[in-house]
Q: 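To start, I am sharing the structure in question, which I have written as structure tokens.
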Amino acid sequence: MGVDLSDIVEDCSKEISLNNIKGKKVAIDAYNAIYQFLAAIRQADGTPLMDKQGRSTSHLSGIFYRTINLVENGIIPIYVFDGKPPEEKTQEIQRRIKIKEEAEEKYNQAKEQGEIKSMKKYAQMSSRLTNNIATESKELLINMGIPIVNAPSEGEAEAAYLSQKDYAWASASQDYDSLLFGARRLIRNLTMTGKRKLPNKDQYVDIVPEIIEFDSLLHKLGITREQLIDIGILIGTDYNPEGIKGIGPKTALKIIKKYGDIEKAIGKEIDEKEILFDYKQIRQLFLNPKVIDPKTSLELKEPDEEKIKRILIDCHDFSEERVVNAVGRLQKAIKSSKNLERQTGLDRWF
DNA sequence: CGACTACA
DNA sequence: TGTAGTCGG
């Protein structure tokens, strides 16, 4: 689940109103978003939304409606899809597969005992983002007129690159990895709806979008990007999920600030024998990830209403009324988004 | 998760 | 007009 920087980042994380993102392009980590939909859009017993053929449609519902909401709010989403993960991620990918298999097992047990709550919990944990789900999601987005980018490798890295090169104003993900990849801004909780249920509790909390600005984060912590990466490596990243035993975010920050980098802390607060990974190589994965330059500006396009209807209504049994209504909202929203862009573009000349 | 409905 | 509850696929 990426690098857990929450403890050292939270002081720098500021609430942001959707109004402040109006007219801006946001590179969305598509896998992160789709995974949330797959996990969350389910019935009480954990059954996902399905068409008549029993194929899951949770991802389509989630992408469709959330994207329209974003565009209605003047935000221009750019969905960034993962490519081939680096070799170094293999171990973490295997670990995740194992967790899902175990969750499936527990789901079956809960099902036998008719424990609805557990069924949902383990169904959520075992949700998988298949190639087919990614392909279907891309097809829907393209027909909605939403720009997508196929990352050559890590989506988070590509999203960070897009923000560095000004193809996007910010990147959006629940994970902090794009900060290690150098994203200029990271938006978390990029969603409209406020109240969310706390896991396992009958309590509700307000979920609001928040932003972390890369430069102010580094300034506030008094470190460089290289040092932030070293901190991440000590805590544990997708390339070394185990991190270093006994070192959490707070300790990692303290160590790196005191010694400067991992090398200089070895033999002091870090026992060399505890480093069971090639930290220099992992550093390079974050500093020089494989990315592509899209070369062309990423813009909204006119949606293809007929194609969207064919996908959602004909193929996946969505309600015609709902889809037609939503497509109408989307068309209108894209038009005003174009107007907004034209106006702010003109403003620069006056 | 987000749309939509029911109800104060 | 706001929100708790349920449905969607």
Side-chain angles (χ1 to χ4, degrees), chain A residues 1 17-18 21 26 28-75 77 79 116-117 119-130 132-141 143-144 146 172-175 187-210 303 305 307-334:
Chain A
M1 290 287 97
S17 143
L18 292 171
I21 320 177
V26 177
I28 299 176
D29 180 5
Y31 273 55
N32 193 274
I34 294 170
Y35 191 82
Q36 287 178 63
F37 296 139
L38 292 177
I41 306 181
R42 288 168 185 273
Q43 293 172 270
D45 66 356
T47 313
L49 296 190
M50 288 183 300
D51 60 23
K52 282 174 188 154
Q53 294 185 54
R55 298 171 299 195
S56 171
T57 54
S58 297
H59 57 296
L60 298 175
S61 178
I63 286 192
F64 185 55
Y65 293 115
R66 178 180 291 179
T67 304
I68 291 171
N69 279 326
L70 292 174
V71 180
E72 273 187 325
N73 278 278
I75 298 165
Y79 281 87
I116 307 289
K117 280 258 167 67
M119 282 170 72
K120 180 161 187 181
K121 177 178 164 190
Y122 293 118
Q124 286 177 316
M125 283 176 68
S126 60
S127 38
R128 278 176 225 232
L129 209 168
T130 61
N132 187 49
I133 286 175
T135 306
E136 286 179 354
S137 303
K138 287 181 197 179
E139 197 196 358
L140 177 62
L141 285 166
N143 286 296
M144 289 172 72
I146 308 298
S173 174
Q174 292 306 101
D175 292 346
I187 300 175
R188 304 184 72 240
N189 304 333
L190 183 60
T191 164
M192 271 50 58
T193 50
K195 288 215 183 302
R196 273 296 87 94
K197 204 172 165 296
L198 236 47
N200 302 324
K201 285 277 184 187
D202 281 331
Q203 249 181 335
Y204 287 81
V205 283
D206 270 328
I207 301 291
V208 287
E210 47 190 60
E305 176 164 15
K307 200 72 186 298
I308 295 171
K309 284 179 172 173
R310 212 167 305 149
I311 295 170
L312 294 180
I313 302 169
D314 301 342
C315 292
H316 296 292
D317 308 312
F318 277 58
S319 141
E320 174 161 12
E321 194 189 329
R322 284 189 180 205
V323 170
V324 169
N325 177 43
V327 171
R329 283 169 54 201
L330 177 64
Q331 288 167 330
K332 198 178 155 203
I334 289 186

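Chain A is the first sequence line, chain B the second, and so forth, proteins listed ahead of strands; every chain is numbered from 1. All of these numbers come straight from a predicted model, not from anything done at the bench.
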Q: Can you check the A:Leu330 CG to B:dA3 P distance for me, whole Å?
A: 13 Å
Q: Students often get this wrong, so: under 4.0 angstrom with heavy atoms, is A:Gln36 touching a base, only sugar-phosphate, or nothing?
A: nothing
Q: Over how many whole Å does the gap from A:Leu70 atom CG to B:dG2 atom C1' extend?
A: 12 Å
Q: Scan A:Ser319 against the nucleic acid and name what it touches under 4.0 Å (heavy atoms): base, sugar-phosphate only, or nothing.
A: sugar-phosphate
Q: Examine B:dG2: is either OP1 or OP2 under 4.0 Å from a nitrogen or oxygen in the side chain of A:Thr191? Give yes or no.
A: yes
Q: What's A:Arg66 touching, base or sugar-phosphate or nothing? Going by heavy atoms closer than 4.0 Å.
A: sugar-phosphate
Q: Just how far, in rounded Å, is P of B:dG2 from CG of A:Leu18?
A: 11 Å
Q: Measure from NE2 on A:His59 to P on B:dG2 and round the result to the nearest Å.
A: 16 Å
Q: In this structure, how many angstroms lie between the C1' atom of B:dC4 and the CZ atom of A:Arg329, rounded?
A: 11 Å
Q: Could you check how far CG of A:Asp314 sits from C1' of C:dG9, rounded to whole Å?
A: 14 Å
Q: From B:dC4, C:dG9, C:dG8, pick the nucleotide closest to the side chain of A:Gln43?
A: C:dG9
Q: Are A:Ile75 and A:Val71 close enough that some pair of their side-chain heavy atoms sits under 4.5 Å apart?
A: no
Q: Any donor and acceptor pair, going by atom type alone, linking the side chain of A:Arg322 with main-chain N or O of A:Phe318 inside 3.5 Å?
A: no
Q: Does the side chain of A:Asn69 get closer than 4.0 angstrom to OP1 or OP2 of B:dA3 through an N or O atom?
A: yes
Q: A:Asn325 and A:Glu321: side-chain donor and acceptor closer than 3.5 Å?
A: no
Q: Side chains of A:Asn143 and A:Glu305: do they bring a donor and an acceptor to under 3.5 Å?
A: no
Q: Has A:Arg322 got a side-chain N or O lying under 4.0 Å from the OP1 or OP2 atom of B:dG2?
A: no
Q: Could you state the atom-to-atom distance from CZ of A:Phe318 to P of B:dC4 in whole Å?
A: 13 Å
Q: When the distance from CE of A:Met50 to C1' of B:dC1 is rounded to whole Å, what number comes out?
A: 17 Å
Q: Between A:Pro48 and A:Thr57, is there a side-chain heavy-atom distance shorter than 4.5 Å?
A: no
